[in-house]
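A quick write-up on the structure given underneath.
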2 protein chains.
Amino acid sequence: MSNQVREIPHPAAEEIELAAVLRMCGEPVRLEMVRTLAAAGGELKSGQLTGAVGLPTSTCSYHLRLLREAGVTRTRAAGTERYISLRRDDLDRRFPGLLEILVRG
Amino acid sequence: MSNQVREIPHPAAEEIELAAVLRMCGEPVRLEMVRTLAAAGGELKSGQLTGAVGLPTSTCSYHLRLLREAGVTRTRAAGTERYISLRRDDLDRRFPGLLEILVRG
DNA sequence: ACAGTAGTTCGAAGAACTTGGAACTTCTCA
DNA sequence: TGAGAAGTTCCAAGTTCTTCGAACTACTGT
């Protein structure tokens with residue numbers, strides 16, 4: 001049927017706030033998600049992240065929404081799946097060096 | 001009377017955890033404290049930070065304790081006053097570049 | 001259309017956090 | 001020794017966060 005493109009909301013790069021990014025990455029589950037994404041080097045399916053952190057899908061969905069709303073990740077819908085990636089370029093432009101620190105930890 | 005030196009507990013440099021630092025600095029009041037300290041370039045009295053953020057002393061004492069316990073700040077007692085400073089060296093060694101990012105924000 | 005799959009949203013419970021007044025501890029100075 | 005100053009601790013209240021099952025939406029293949 002008609003492909004009603006469900007737009008997933010993301011903040012613009014300029015709208016990404018440092019305190020929000022810090023707050024989001026200060027939570028162990030989310031920091032692990034960020035590191036898993038960094039290690040993957042690109043997109044990961046939501047399910048792969050869910051598997052990586054070992055929590056129910058509803059909980060992971062919650063954390064992934066927070067990461068997306070803070071501008072840390074980008075979520076792309078493809079069919080029933082969601083492809084998650086780090087917003088490397090935006091984060092590097094906005095807060096140079098931060099992502100590397102988060103990942104090296 | 002006898003000078004019973006009340007040791008203020010600080011984590012060792014190696015014990016400073018990234019997630020804890022992020023969580024602490026993700027809170028607006030505390031991030032402002034960190035920035036005020038960075039702008040000062042050295043020690044500030046607790047009262048100066050209290051004045052800077054405009055909150056009751058009990059609330060500031062709470063936030064300053066969290067920052068200290070996370071290893072972000074060092075607190076030195078002198079008489080009835082407390083001198084607060086950023087743990088620049090320890091943070092730079094542990095997470096190079098992070099402090100600069102927090103301050104530039 | 002149906003069943004199955006992937007993920008989201010809702011609702012509730014419990015945990016953790018933030019705030020601020022009151023009481024308390026320490027130190028200083030006269 | 002006593003008053004005052006600077007902070008801390010205690011406690012309660014309100015808020016926000018985290019978790020997770022249940023119900024729901026959206027898409028896919030048959």
Side-chain angles (χ1 to χ4, degrees), chain A residues 1-10 17 19-34 37 43-70 72-85, chain B residues 1-10 17 19-34 37 43-70 72-85:
Chain A
M1 268 295 152
S2 68
N3 224 352
Q4 89 179 40
V5 180
R6 198 155 300 291
E7 264 320 314
I8 300 173
H10 290 82
E17 283 175 37
V21 174
L22 299 176
R23 194 164 50 251
M24 290 308 106
C25 296
E27 210 281 326
V29 172
R30 291 190 294 262
L31 184 55
E32 184 173 351
M33 284 175 159
V34 168
L37 283 167
E43 288 183 327
L44 280 183
K45 292 184 196 172
S46 174
Q48 295 179 278
L49 285 166
T50 299
V53 304
L55 288 173
T57 63
S58 61
T59 301
C60 291
S61 180
Y62 162 73
H63 285 300
L64 288 174
R65 178 172 61 80
L66 293 186
L67 285 172
R68 171 170 49 76
E69 289 175 349
V72 178
T73 57
R74 182 158 322 263
T75 299
R76 178 173 70 84
T80 65
E81 298 179 331
R82 302 289 180 275
Y83 287 86
I84 320 290
S85 56
Chain B
M1 267 291 155
S2 67
N3 223 354
Q4 84 180 45
V5 179
R6 201 153 299 290
E7 262 322 312
I8 299 174
H10 291 82
E17 283 175 38
V21 173
L22 298 176
R23 193 163 54 251
M24 291 307 107
C25 296
E27 211 281 328
V29 172
R30 291 190 293 262
L31 184 55
E32 185 173 350
M33 284 175 159
V34 168
L37 282 167
E43 288 183 328
L44 280 183
K45 291 183 197 173
S46 174
Q48 296 179 277
L49 285 166
T50 299
V53 303
L55 288 173
T57 62
S58 61
T59 301
C60 291
S61 181
Y62 162 74
H63 285 299
L64 288 174
R65 177 171 61 80
L66 293 187
L67 285 172
R68 171 170 48 77
E69 289 175 349
V72 178
T73 58
R74 173 137 359 239
T75 299
R76 178 173 71 81
T80 65
E81 297 178 331
R82 302 290 180 274
Y83 287 85
I84 321 289
S85 57

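What you see is a predicted model; the values in this text were computed from it and never measured. We use all heavy atoms of the structure for the numbers below, so side chains are in, but hydrogens, waters and symmetry mates are not. Numbered from 1 within each chain, the chains take letters A, B, ... in sequence-line order.
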Open item on the list: Just to be sure I understand the geometry, which residues of residues 52-62 of chain A put a non-hydrogen atom under 4.0 Å away from DNA chain C?
Closed with: T57(A), S58(A), S61(A)

Open item on the list: Rounded to whole Å, please give me the gap between CG in L67(B) and C1' in dC17(C).
Closed with: 14 Å

Open item on the list: From CD of E27(A) over to P of dA16(C), roughly how many Å is that when rounded to an integer?
Closed with: 12 Å

Open item on the list: Without decimals, in angstroms, what is the distance between K45(A) NZ and dC27(D) P?
Closed with: 17 Å

Task: side-chain hydrogen bond (donor to acceptor under 3.5 Å, both in side chains) partners for E81(A), two or more places apart - done: Y83(A)

Task: Note, I8(A) side chain near R82(A) side chain (heavy atom, < 4.5 Å) - done: yes

Task: Residue pairs involving residues 20-30 of chain B (criterion side-chain hydrogen bond (donor to acceptor under 3.5 Å, both in side chains); sequence neighbours excluded) - done: R30(B)-H63(B)

- [ ] Using only side-chain N and O atoms of R30(B), determine if any of them is under 4.0 Å from OP1 or OP2 of dT18(C).
- [x] yes

Task: Rounded distance in Å - CE (M33(B)) to C1' (dG7(D)) - done: 12 Å

Task: Min side-chain heavy-atom separation H10(B)-T75(B) under 4.5 Å - done: yes

Task: Over all atoms of both residues, closest heavy-atom pair of L31(B) and A19(A) - done: CD2-CB, 4.1 Å

- [ ] Send over the distance from L49(A) CG to dG7(C) C1', rounded to a whole Å.
- [x] 13 Å

- [ ] Check L37(A) against I84(A) and note the closest heavy-atom contact, atom names and distance.
- [x] CD2-O, 3.4 Å

Task: First of L66(A) and T50(B) reached from the 5' end of DNA chain D, by closest nucleotide - done: T50(B)

TODO: Please list, chain by chain and in numerical order, all residues satisfying salt bridge (Lys or Arg N to Asp or Glu O under 4.0 Å) with E69(A), sequence neighbours excluded.
DONE: R65(A)

Open item on the list: Please list, in numerical order, the residues of residues 19-26 of chain B that have a heavy atom closer than 4.0 Å to any atom of DNA chain D.
Closed with: none

- [ ] Check salt bridge (Lys or Arg N to Asp or Glu O under 4.0 Å) between R74(A) and all other residues, then give those that pass, not counting sequence neighbours.
- [x] D90(A)

Can you give me the N/O atom pairs linking the protein to nucleotides 1-6 of chain C at distances under 3.5 Å, or say none if there are none?
| from | atom 1 | to | atom 2 | distance (Å) |
| --- | --- | --- | --- | --- |
| dA6(C) | O4' | T80(A) | OG1 | 2.9 |

Open item on the list: With a 4.0 Å limit, can you tell me whether H63(A) has a side-chain N or O closer than that to the phosphate oxygens OP1/OP2 of dT19(D)?
Closed with: yes

- [ ] Check the distance between dC27(D)'s P and I8(A)'s CD1 and give it to me in whole angstrom.
- [x] 11 Å

Open item on the list: What is the separation between atom OH on Y83(B) and atom P on dG7(D), rounded to the nearest whole Å?
Closed with: 9 Å

Task: Nearest heavy-atom neighbours spanning A70(A) and M24(A) - done: CB-CG, 3.4 Å

Task: Minimum heavy-atom distance V34(B)-C25(B), with the two atoms named - done: CG2-SG, 4.2 Å

Report all side-chain donor-acceptor pairs from residues 43-60 of chain B shorter than 3.5 Å, counting only partners two or more places apart or in another chain.
| from | atom 1 | to | atom 2 | distance (Å) |
| --- | --- | --- | --- | --- |
| E43(B) | OE1 | R76(B) | NH2 | 2.8 |
| E43(B) | OE2 | R76(B) | NE | 2.7 |
| E43(B) | OE2 | R76(B) | NH2 | 3.4 |
| Q48(B) | OE1 | K45(B) | N | 2.9 |
| T50(B) | OG1 | S46(B) | O | 3.1 |

Task: Rounded distance in Å - CD (E7(B)) to P (dT26(C)) - done: 14 Å

